[in-house]
Amino acid sequence: MCGITAYVGNDNALPFLLQGLVKLEYRGYDSAGVTIIDSANKINTYKAKGRIKNLEELLEGNHVEGKIGIGHTRWATHGVPSNLNAHPHTNNTYTISIVHNGIIENYQELKKDLIEKGYHFNSQTDSEVVVHLLDYYYHGDMHEALKKVISIIEGSYALCVVHNDNPNVIYITKKDSPIVLGRTQTASLAGSDIPAILDYAKDVYFMEDGEIAVLTKDDITFYDADDKLIQKELIHIPYDNEAAQKGGYDSFMLKEIHEQPYVIKETLRGRVENGDRVVLPELDAIHDKLPSYNKAYFVACGTAYHSSIFGASVLEKLAGIPTITQVASEFRYNDPIVDENTLAFFVSQSGETADTMAALRLAKQKGATTIAIVNVLGSSISREADYTIYTLAGPEIAVASTKAYTTQIVVMELVAMYIAQALNRNSYDYRKLIEGLSSLPAYLEEILKDEEIFKGYAKLLEHERDCYYIGRGLDYASVLEGALKVKEVSYIHADAYVAGELKHGPIALIEEGSIVIAVATQPNIASKTISNIQETIARGARVVLFTIEGLDVQGVENTYILPNVDQLLQGILVAVPLQLIAYYTAVFKNCDVDKPRNLAKSVTVE
Ligand code: F6R
């Protein structure tokens with residue numbers, strides 16, 4: 001991942017490639033690169049770690065010119081941010097160059113095979129296998145070679161390919177990763193997202209999975225997945241670049257909420273085998289040591305702390321290891337009882353949070369085995385932990401965390417299953433749980449269709465000063481996160497309570513018209529939460545309830561029935577409506593949802 005540009009036309013390719021990459025900067029990246037084929041048909045590739053400005057400086061000194069080229073900004077997923085891992089990648093004889101967005105799931109076996117065939121790898125990336133495979137299968141026809149390669153690679157990809165044998169053509173294909181194409185009077189263009197090409201083309205082609213596009217300066221030819229020539233429809237983009245960066249959504253937060261089905265799929269990709277085994281090579285080094293751990297910790301801040309409460313519970317249930325969850329700023333000063341028999345998880349979207357980092361250092365010092373669950377590859381926490389497992393949420397731009405939360409829980413479910421399987425604990429039906437995980441993206445798509453319903457619930461909050469969130473067990477993590485989202489983006493005071501605690505104090509706050517948002521998805525205790533809800537209704541509360549089918553919810557004003565998935569997964573489903581309630585409440589109150597007051601995306605100070 002993350003940004004792609006491509007140009008073939010009458011003019012120099014570089015200005016388009018670079019401006020397109022700049023237009024995609026909002027997505028986040030850690031390195032950038034371009035390949036230009038010059039008039040002597042030579043492939044010239046330049047890459048630079050860091051900002052696009054570094055690449056521009058490198059190019060300035062080299063007077064690069066050519067009418068065909070591909071560009072890329074990389075958000076690292078496999079291999080740290082570095083010049084070598086940056087795209088484009090070239091084959092060993094510098095005749096082919098590619099850029100790739102997505103993840104090649106079977107790259108390790110392909111890489112092994114290619115090394116045996118004599119190919120030399122320059123990077124740690126999964127993407128590099130593609131260029132060597134193209135080299136291997138290229139016998140004078142790149143279209144044929146590309147068809148062969150996409151029949152071998154597994155995973156997600158948007159791929160642009162150039163070969164200096166045919167220096168007037170770009171080949172493009174995709175699966176589960178977007179690519180957009182356009183035409184000017186004198187050129188064919190491509191970008192991984194609309195903003196890259198929108199200043200040049202307002203009418204664009206969207207490619208479908210398995211299609212191949214052949215771009216020349218005069219036209220674009222499309223072939224379907226069966227290699228039949230097809231005509232594609234031009235789609236007019238009715239909005240400007242700023243809106244395009246948000247994928248047509250009104251804000252990054254809304255876009256990121258809607259990205260969750262996709263990023264959950266990406267986070268699961270390649271991590272499950274035969275439908276019932278979890279594959280986490282990141283933990284293989286401690287596989288045999290797992291029986292020696294007598295305690296686990298989950299340490300994090302904010303939203304990551306809430307996903308940790310959830311994950312800790314799942315780990316205890318599946319693996320039977322006593323697990324403590326602690327806020328990082330407390331852990332670091334509490335003299336925690338941690339030793340070499342402790343497994344300590346540090347969870348962070350940014351991988352830079354100062355308190356989480358300090359807690360990680362302390363746990364290491366005390367002898368614990370440390371595991372980071374982070375989103376940003378190469379971040380400080382990922383570098384310092386003994387082992388790191390990445391969520392693949394992609395760049396999260398809105399300050400309020402949404403897709404990082406749900407992907408963190410997905411990773412925690414996988415980790416808990418991996419450890420439980422290593423400990424031979426077979427009391428849970430892993431096949432069913434894995435099936436459930438795989439079904440989440442489709443269920444989330446369904447839930448997202450009910451946006452208007454959640455908007456309606458947000459209307460209830462619009463003029464409130466306070467509101468109350470209640471839930472028990474795993475649902476408590478969900479309500480903590482739901483309440484935090486409302487606080488952060490709409491500035492309404494939202495308190496989350498364990499439902500059973502209401503009568504020990506908080507119920508004194510409930511009066512006529514109080515808003516209570518309740519989550520009751522855990523079959524063994526849902527009816528208890530519903531009794532607590534009745535107690536609030538009796539005191540005049542207006543209730544929004546998220547629950548599962550089959551419970552007696554009479555008298556509850558607003559009930560939303562969640563799809564029927566395993567109880568350990570309901571927290572992922574309910575997160576989305578709770579995020580949307582917070583989002584629309586903020587919108588109704590005219591708050592700046594993407595940049596709430598007083599908050600920063602990455603908290604690198606104590
Ligand atoms: C909430 C939010 C914050 C972060 C917290 C930890 O929406 O964004 O509470 O979750 O600052 O940040 P990371 O996960 O980057 O360590």
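In listed order, ligands and their atoms are each counted from 1. All of these numbers come straight from a predicted model, not from anything done at the bench.
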Looking only at distances, please establish whether an N/O atom of ligand 1 is found under 3.5 Å from an N/O atom of Ser401. yes

Atom 2 (C) of ligand 1 has as its nearest protein heavy atom Glu488 OE2, 3.5 Å

Please list the nearest protein heavy atom to atom 12 (O) of ligand 1 with its residue and the distance rounded to 0.1 Å. Thr353 OG1, 3.4 Å

What atoms of ligand 1 come within less than 4.0 Å of a heavy atom belonging to [X]?
X      : value
Val399 : 8 (O)
Gln349 : 13 (P), 14 (O), 15 (O), 16 (O)
Ser348 : 13 (P), 14 (O), 15 (O), 16 (O)

Say you draw a straight line from CD of Glu481 to CD1 of Ile309; how long is it, rounded to the nearest 0.5 Å? 10.0 Å

Nearest candidate to atom 5 (C) of ligand 1, where distance is taken over non-hydrogen atoms, out of Gly351, Ala328, Ala400, Cys301: Cys301

So is Lys485 close enough to ligand 1, meaning a heavy atom under 4.0 angstrom away? yes

Please determine whether a side-chain nitrogen of the Lys or Arg among Lys366 and Glu340 lies less than 4.0 Å from a carboxylate oxygen of the Asp or Glu. no

Set of ring pair (Phe, Tyr, Trp, His ring centres under 6.0 Å) partners for Phe331, sequence neighbours left out: Tyr297

Where does Glu352 meet ligand 1, judged by heavy-atom distances below 4.0 Å: at the side chain, the backbone, both, or neither? neither

Ignoring hydrogens and geometry, is there a side-chain-to-backbone donor-acceptor pair from Asn375 to Gly394 under 3.5 Å? yes

Compute the ring centroids of Tyr497 and Tyr476, then answer whether they are less than 6.0 Å apart. no

Kindly list each side-chain donor-acceptor pair under 3.5 angstrom involving residues 457-464, sequence neighbours excluded, with atom names and distances?
unit_1: Lys459; atom_1: NZ; unit_2: Glu462; atom_2: OE1; d: 2.9

